[in-house]
Amino acid sequence: MPPGVFVVTAGQVRVTDGDGAVLSEIGPGAAVGGRRLLRDAPNPLAARAITDGRALVIPAAAFRDLARAHAPVRDFFRVDAAPRAGPRSLVTTAVAELMTADPLVMPPDATIRAAALAMREAGVSSVLVAEWGTLRGILTVRDVSARVTAEGRSPDMPLAQAMTADPVALPPTAPGSDVLHLMMERRISHVPIVDAGRIAGVVSKTDLTRVQAESSGEVIGDLAGAGDVAALARATARIPALLAQLVGAGNRHEVVTRTITDIADAVTRRLLCLAEADLGPPPVPYLWAACGSQGRQEQTGVSDQDNVLILSDAVSEEDDAYFAALARFVSDGLDRCGYVYCPGEMMATNPRWRKPARDWRHYFRAWIDRPGPEARMLASVMFDLRPVGGRRDLFEGLQAETLEAASRNSIFAAHMASQALTHQPPIGFWRGLATVRSGAHRDTIDMKHSGVVPVMDLARLYAIRGALSPVNTRARIEAARAAGIVSPRGGQDLLDAYDVIADARLHHQAAQVRAGAAPDNFMAPGRLSPFEQSHLRDAFLVVRTMQAAAGQRRGVL
């Protein structure tokens, strides 16, 4: 096919990929080739008329000029022809671009006086305390005032006695919004940046530009200061408006869902703090972990709660009463904040999902060794676990062991491949969009179970096959490409398809919020333009093709 965009004005056209596989059959108003041209991708598509008709041809160079000059053209084809001008967003700016890369570092035995003089001379407001290159603590100008001067302590005492020990740190690859949310939630003004265990820099409040993340930061700030569940619920009531704002500002789906999930994480951690204040300190260490959309950091305007408790192996039977009460407090609080109870009781309130780490190891071994229907279903959920609050070390060894065992078990991988085919994209017999045929959601597409879930299932399968640690769907696909689990072309096509589907889902929810309705996952394709329907249909066809490859155990395209 000559390079360019084909716009069908009459008749029917069949579009195939470089291997001859049929991608779609399109009619008047649909186009072929635009998205690939805008991202400078190879264009192996072929189009053949299957009825008499007409098509307009826009040469590639002319189309790119048109896209550069007119935002509606870029938005229509869902790819930016060039970087957009305007202020940077914290949600799309890496911490490495914000941090001070040469922070002031001193040993634990240095004096407070020496640290204060060094900060004044360097014109900075913090000093990182390190031993043999490893971060041990942080001291800020505010700490000197509050912990030394105000308390009449000697300025000649060592830093180790006044510093904040073992401060929370972030990697340089984290988004800048993580820093903002951490500062707002924990009421701190500096965040150390650590790369592979070594100090890389520090970010202070003055390093941040608030831009698009400001509203989410304000919500998290309100959550951090909430004294009860009612205050938390008032803050989370702003989530739908925030979602509509983020979508309306042109943010990509992964930016929106990550921001919404950050809020859910902050709610959860605040509830854990309130629970401990009410119940007293925990008898043994614990980890609160999320699964489902919160675990994958992909929450939208419609989310229930899926969570578990991983307890220290030192826990006793008598201790369970404490953790049962803690789980009930947090789960009830989440429900009041809009994260409704899981209908399948996949929550820490269920004793089955409130166990010591040794029992969790047994769970995963059993699912991997005996992958029956229930095991496949549970593994699909539990492989999306992500730590949210408590002791992360209770999970890290468990995740590594489980991924390694799963990747070595070909029978388990085959069963998970079968599980990944459970949800099918909504493509009908004639390759058109298939809608729900009856009931309250008649003539709509379920953009969750028929839309994003098939891609999530594939991404999870790739992670299992390659023992890949990411939990986020997009990150899993990118890691699978890098590891050779999927081919570069197959992986890129799946990423593009996922972007189209996930963006369409979020735009549907944002439109509902702006119309004053509660957001849901049921989108009427009749409200889309023929162009949009064509893009969505092509995206679903890519997913179905990748499912077929996974089912044949090829896993690549």
Which pair of non-hydrogen atoms, one from [X] and one from [Y], has the smallest distance, and what is that distance?
X      : Y      : value
Gly227 : Arg270 : CA-NH2, 4.5 Å
Cys337 : Ala233 : SG-N, 3.7 Å
Gly451 : Phe540 : CA-CE2, 3.9 Å
Ala244 : Val513 : CB-CG1, 4.0 Å
Gly390 : Leu287 : C-CD1, 4.2 Å

Return the orientation label for the Trp367 and Tyr363 ring planes: parallel under 30°, perpendicular over 60°, tilted otherwise. parallel
Relative to each other, are the rings of Phe522 and His441 parallel, tilted or perpendicular (30° and 60° limits)? parallel
So, does [X] use its side chain to make a donor-acceptor pair with the main chain of [Y] at under 3.5 Å?
X      : Y      : value
Asp195 : Arg198 : no
Asp384 : Gly295 : no
Asn307 : Met347 : no
Arg386 : Ala289 : no
Arg269 : Val388 : yes
Tyr339 : Gly333 : no
Thr164 : Pro167 : no
Gln509 : Gly301 : yes

Please report the C-alpha distance between Gln305 and Ser331 in whole Å, then the side-chain angles of each, then the deciding distance to 0.1 Å, and finally whether the side-chain hydrogen bond (donor to acceptor under 3.5 Å, both in side chains) criterion is met. CA-CA 8 Å; Gln305 56 175 287; Ser331 184; 2.9 Å; yes
Does [X] come within less than 4.0 Å of [Y], counting only side-chain N to carboxylate O?
X      : Y      : answer
Glu396 : Arg392 : no
Arg354 : Asp320 : yes
Arg437 : Asp443 : no
Asp457 : Arg460 : yes
Asp369 : Arg365 : no
Asp262 : Arg258 : yes
Arg352 : Glu374 : yes

Looking only at the aromatic ring of each residue, does the gap between the centers of Trp288 and Phe395 stay below 6.0 angstrom? no
When rounded to the nearest 0.5 angstrom, what distance separates [atom1] in [X] from [atom2] in [Y]?
X      : Y      : atom1 : atom2 : value
Leu494 : Arg476 : CG    : CZ    : 13.0 Å
Ser177 : Met184 : OG    : CE    : 13.0 Å
Trp360 : Leu398 : CH2   : CG    : 8.5 Å
Ile368 : Ser407 : CD1   : OG    : 8.5 Å
His535 : Asp503 : NE2   : CG    : 12.0 Å
Asp222 : Ile220 : CG    : CD1   : 10.5 Å

Does [X] [atom1] have over 12 foreign heavy atoms under 6.0 Å away?
X      : atom1 : result
Arg186 : CZ    : no
Leu279 : CG    : yes
Glu401 : CD    : yes

Passing candidate, side chain to side chain contact (heavy atoms under 4.5 Å, CB included) with Gln299, options Ile239, Thr261, Thr259: Thr261
Write out all pairs satisfying salt bridge (Lys or Arg N to Asp or Glu O under 4.0 Å) with one or both partners inside residues 306-318, taking only residues at least two apart or from two chains. Asp313-Arg358
Going through the distances and angles, do Leu385 and Val471 end up as a side-chain contact (heavy atoms from CB on, under 4.5 Å)? CA-CA 7 Å; Leu385 282 178; Val471 177; over 6 Å; no
Which pairs would a plain distance check flag for residues 415-422, meaning a side-chain donor or acceptor within less than 3.5 Å of a matching protein atom at least two apart in sequence or in another chain?
| unit_1 | atom_1 | unit_2 | atom_2 | d |
| --- | --- | --- | --- | --- |
| His415 | ND1 | Pro371 | O | 3.1 |
| His415 | ND1 | Arg376 | NH1 | 3.1 |
| Thr422 | OG1 | Gln419 | O | 2.8 |

Contact check, side chains of [X] and [Y], non-hydrogen atoms, under 4.5 Å:
X      : Y      : result
Ile477 : Val455 : yes
Val202 : Ile193 : no
Leu334 : Thr268 : yes
Glu276 : Leu326 : yes

For the residue pair [Y] / [X], report whether a side-chain donor-acceptor contact shorter than 3.5 Å exists.
X      : Y      : result
Ser316 : Asp319 : yes
Ser303 : Gln294 : no
Asp520 : Gln512 : yes
Asp446 : His449 : yes
Asp265 : Gln297 : no
Thr473 : Glu298 : yes

Restricting to side-chain hydrogen bond (donor to acceptor under 3.5 Å, both in side chains), what partner residues turn up for Thr173, sequence neighbours left out? none
